[in-house]
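Only a predicted model underlies this, so the values are computations on that prediction, with no experimental measurement involved. Throughout, protein chains are lettered first and strands after them, A, B, ... in sequence-line order, and every chain is numbered starting at 1.
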Number of protein chains: 2
Amino acid sequence: MTSADVSDFRVSSLRSACTNCSLVQLCLPVSLSQSDVALLDDIVQRRRPLQRNDHLYREGDDFHAIYAVRSGALKTYTVSSGGEEQVTGFHLPGELVGLDAINTWRHPCSAEALETTSVCELPFERLEDLASEIPGLQRQLLRLMSREIFSDQEMLFAMARRTAEERLAILLLSLSDRFARRGLSATRFRLPMARSELGNYLGLAPETMSRLFRRFRDQGWLSAEGREVRLTDVEALHELAGRPPEDAAAVGQRDTGY
Amino acid sequence: MTSADVSDFRVSSLRSACTNCSLVQLCLPVSLSQSDVALLDDIVQRRRPLQRNDHLYREGDDFHAIYAVRSGALKTYTVSSGGEEQVTGFHLPGELVGLDAINTWRHPCSAEALETTSVCELPFERLEDLASEIPGLQRQLLRLMSREIFSDQEMLFAMARRTAEERLAILLLSLSDRFARRGLSATRFRLPMARSELGNYLGLAPETMSRLFRRFRDQGWLSAEGREVRLTDVEALHELAGRPPEDAAAVGQRDTGY
DNA sequence: CGACACTTTGACACGGCTCAACTAGTGTGG
DNA sequence: CCACACTAGTTGAGCCGTGTCAAAGTGTCG
């Protein structure tokens, strides 16, 4: 056994082994060579899992790292001056959080675990340094941030112009996509968040959410008990999500981006 | 005259001379040394000015550069499958556009001049290369994208939870800020966009915009004729923008980010 | 001057919010 | 082990803010 082997062994319990992580192609997709990923490995830190309602960071905290969700789920939210909570996003395994803090070096929102959740911590300064050395990594970072911008704008469009029904359809399809990308079922999944949190995110009252779910069930588009959801008519949901209301005759569908 | 001087002179007509541009601290704020800016200079290309309604790029175009607005104003927008236009942003001098295209190497939205507008073109691949060499530039890029993410999320919040009045107040204050940052008046400015475009951006019908402006005028919060606007009670607008409706007693105010 | 796009105003309809009451889980302490 | 509280979800009634439609007014540019 060489000394390199020993050192590798010693460190491996501390680091997250991106090399073996099935999510690496989600959180930092493609384009990194084996050896580049190994370099990344060295700066990634694991943290002990968060329990439900634990915070990964809070609004106003100093920013020093971005995080990749390994398992579980997070929500990010801000609190308005009135104490009212606004959910700004849900984050599933393979997705990054904290990108919005780079600008000010302070987290502009809080991140809270919706269930038992483990994350990888990527210390930002070291990530930056590494990105300077590995062009592919720099590019990935920029791409991911670009994607975030794009999907926020899609969402913005949805909030501005879509009815409650359409918003729910869009969200369900987005979740479906994101589950599928991890190799899970696109039609049966368990929502990690409460109805009221979904509603909050979509800008809808919890009562409206409840009525929507019933309407969707009555239409045969899904069956749901509690957080367990089964999409039974994905096509109909795409219909709803894909086109603005006054446009029911048109063809074509949009992807939710994420 | 040294040969360096000659060369400088020769090139200067082709390049945009970031060094002398009063906007450089806006479009790529601080942290770049004189010599770094000079390197940036070398990759920046000027283009001849766009006339009103000219497109800088169109949805679906191949992406090869991001752009900094030098003068004038742009709007970005997407067209839904029904042919309906959705404005996704307004872009004033010192602001960047095209960041949302990095992910897919295609522009997900169109960019159109609202008035005679000149821009600097920053070829993205060369910018990436340069960013690898100049850590400060890489950091700036990431910061700017982070800021974009943050402000999109703020906007999202606004669309989800704010009334029409509040949205208009937020937008007016945002514009006021952005004009002020360029050294223009924060209280008197000319809107580069039509009312209906403002409304489109805010997710409001043009008729609603019209009624809002009248209401704001009746309240003495502003005076406006055509696109010429004068904010006469900024405090009241902050009141509106800064806190959700049910919260009129609370103190504190939020910044619109941009 | 005429054409055309933008803005304003009014009347009306309706989606989604609010308020309120009830139900179903879920955990807690006596 | 049950009573109680507490939270999340459901359902109904009524209201209000905005969208929609229609039509008239106002620039503005060729």
Protein N or O to nucleotides 25-27 of chain C N or O, pairs below 3.5 Å:
none

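- Sorted by first and then second residue, the ring pair (Phe, Tyr, Trp, His ring centres under 6.0 Å) pairs involving residues 191-211 of chain A (not counting sequence neighbours) are A/Phe90-A/Tyr201.
- Although no hydrogens or angles enter the test, the distance criterion places no donor-acceptor pair under 3.5 Å between the side chain of A/Glu148 and the main chain of A/Leu99.
- For the pair A/Asn200 CG and D/dA8 P, the computed distance is 12 Å after rounding to whole Å.
- Under the side chain to side chain donor-acceptor pair (under 3.5 Å) criterion, A/Ser223 pairs with no residue at all, not counting sequence neighbours.
- One atom, CD of A/Glu228, and another, C1' of D/dG9, lie 16 Å apart when rounded to the nearest Å.
- Annotation: the terminal axes of the helix from C/dC1-D/dG30 to C/dG30-D/dC1 meet at 40°, where each axis is the rotation carrying the C1' atoms of four end pairs onto the next four (5 pairs per end, rounded to 10°).
- Shown here are the side chain to side chain donor-acceptor pair (under 3.5 Å) partners of B/Thr88, two or more places apart in sequence or in another chain: B/Thr76.
- Residue pairs meeting the salt bridge (Lys or Arg N to Asp or Glu O under 4.0 Å) criterion with at least one partner in residues 218-229 of chain A, sequence neighbours excluded, are A/Arg190-A/Glu228, A/Arg214-A/Asp218.
- Look at B/Ser196 and you'll find a side-chain N or O under 4.0 angstrom from OP1 or OP2 of C/dT7.
- Distance, A/Leu198 CG to D/dT10 P: 12 Å, rounded to whole Å.
- The closest donor-acceptor contact from the side chain of A/Arg195 to the backbone of A/Gly226 lies under 3.5 Å.
- Distance, B/Glu166 CD to D/dT18 C1': 14 Å, rounded to whole Å.
- The line from CE of A/Met159 to CD1 of A/Ile170 is 10.0 Å long, rounded to the nearest 0.5 Å.
- Annotation: salt bridge (Lys or Arg N to Asp or Glu O under 4.0 Å) contacts of B/Arg188 (sequence neighbours excluded): none.
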Between the protein and nucleotides 28-30 of chain D, list every N/O to N/O distance that falls short of 3.5 Å.
none

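- For B/Thr116, the side chain to side chain donor-acceptor pair (under 3.5 Å) criterion is met by B/Gln51, not counting sequence neighbours.
- Listed for the B/Arg162 side chain is a donor-acceptor partner under 3.5 Å among the backbone atoms of B/Ala241.
- Remark: B/Glu207 pairs with no residue by the side chain to side chain donor-acceptor pair (under 3.5 Å) rule, at least two apart or across chains.
- Atom CE of A/Met193 and atom C1' of D/dG9 are 16 Å apart (whole Å).
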At under 4.0 Å between heavy atoms, how does the protein contact nucleotides 8-21 of chain C? Give one character per nucleotide, 5' to 3', with B, S or -. BBBB----SSBBB-
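- Listed by first and then second residue, the salt bridge (Lys or Arg N to Asp or Glu O under 4.0 Å) pairs involving residues 112-121 of chain B are B/Arg47-B/Glu121 (not counting sequence neighbours).
- With respect to the salt-bridge test (charged N to carboxylate O, under 4.0 angstrom), the residues B/Asp62 and B/Arg106 qualify.
- Across the protein-nucleic acid pair, B/Leu202 atom CG and D/dG17 atom P stand 18 Å apart, rounded to whole Å.
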